[in-house]
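Right, one structure below, let's go through it.
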Amino acid sequence: MVKAYVLIEARVGTSTDLIRALMENANVVSASRVTGPYDVIAVVQEEDLGKVHELITEHIHNIEGVMRTTTSVSVG
């Protein structure tokens, strides 16, 4: 399994609905609003790196309010 942290920049006022939408996907382990340069951090788990890429590009990027993402893959 591949675990990754998806750091999300969201439009103002959309983070609560964004978290709800993220949690509808079984491969999103958790999602939290945070302070700093990002608005939401999601933890995702998939079978392989290709599936992580697919989850981010086909699911997360299409959620209303998502402006930009940065992904960090766990190495340990």
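In this chain, residues are counted from 1 in sequence order.
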With the 4.5 Å side-chain cut-off for hydrophobic clustering, are [X] and [Y] part of the same group?
X: Y5; Y: I19; result: no
X: V6; Y: V29; result: no
X: L22; Y: V73; result: yes

Can you list the residues that meet the side-chain hydrogen bond (donor to acceptor under 3.5 Å, both in side chains) rule with [X], with sequence neighbours excluded?
X: N25; result: none
X: T14; result: none
X: R33; result: none

Pair up each side-chain donor or acceptor in residues 42-55 with any protein partner under 3.5 Å, not counting sequence neighbours, and list the distances.
| unit_1 | atom_1 | unit_2 | atom_2 | d |
| --- | --- | --- | --- | --- |
| D48 | OD1 | G50 | N | 3.0 |
| D48 | OD1 | K51 | N | 2.8 |

(message) What's the separation between atom CG in L7 and atom OG1 in T69, rounded to the nearest 0.5 Å?
(response)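 The CG atom of L7 sits 8.5 Å away from the OG1 atom of T69.
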(request) Kindly state each residue pair satisfying salt bridge (Lys or Arg N to Asp or Glu O under 4.0 Å) with at least one member in residues 63-72, sequence neighbours excluded. (result)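 Salt bridge (Lys or Arg N to Asp or Glu O under 4.0 Å) check on residues 63-72 returns E9-R68, R11-E64.
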(request) May I have all residue pairs that pass salt bridge (Lys or Arg N to Asp or Glu O under 4.0 Å) and include part of residues 17-30, sequence neighbours excluded? (result)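 Those involving residues 17-30 are D17-R20.
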(message) Just to verify, which of D39, I60, I63 counts as forming a side-chain contact (heavy atoms from CB on, under 4.5 Å) with I8?
(response)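 Among the candidates, only I60 passes.
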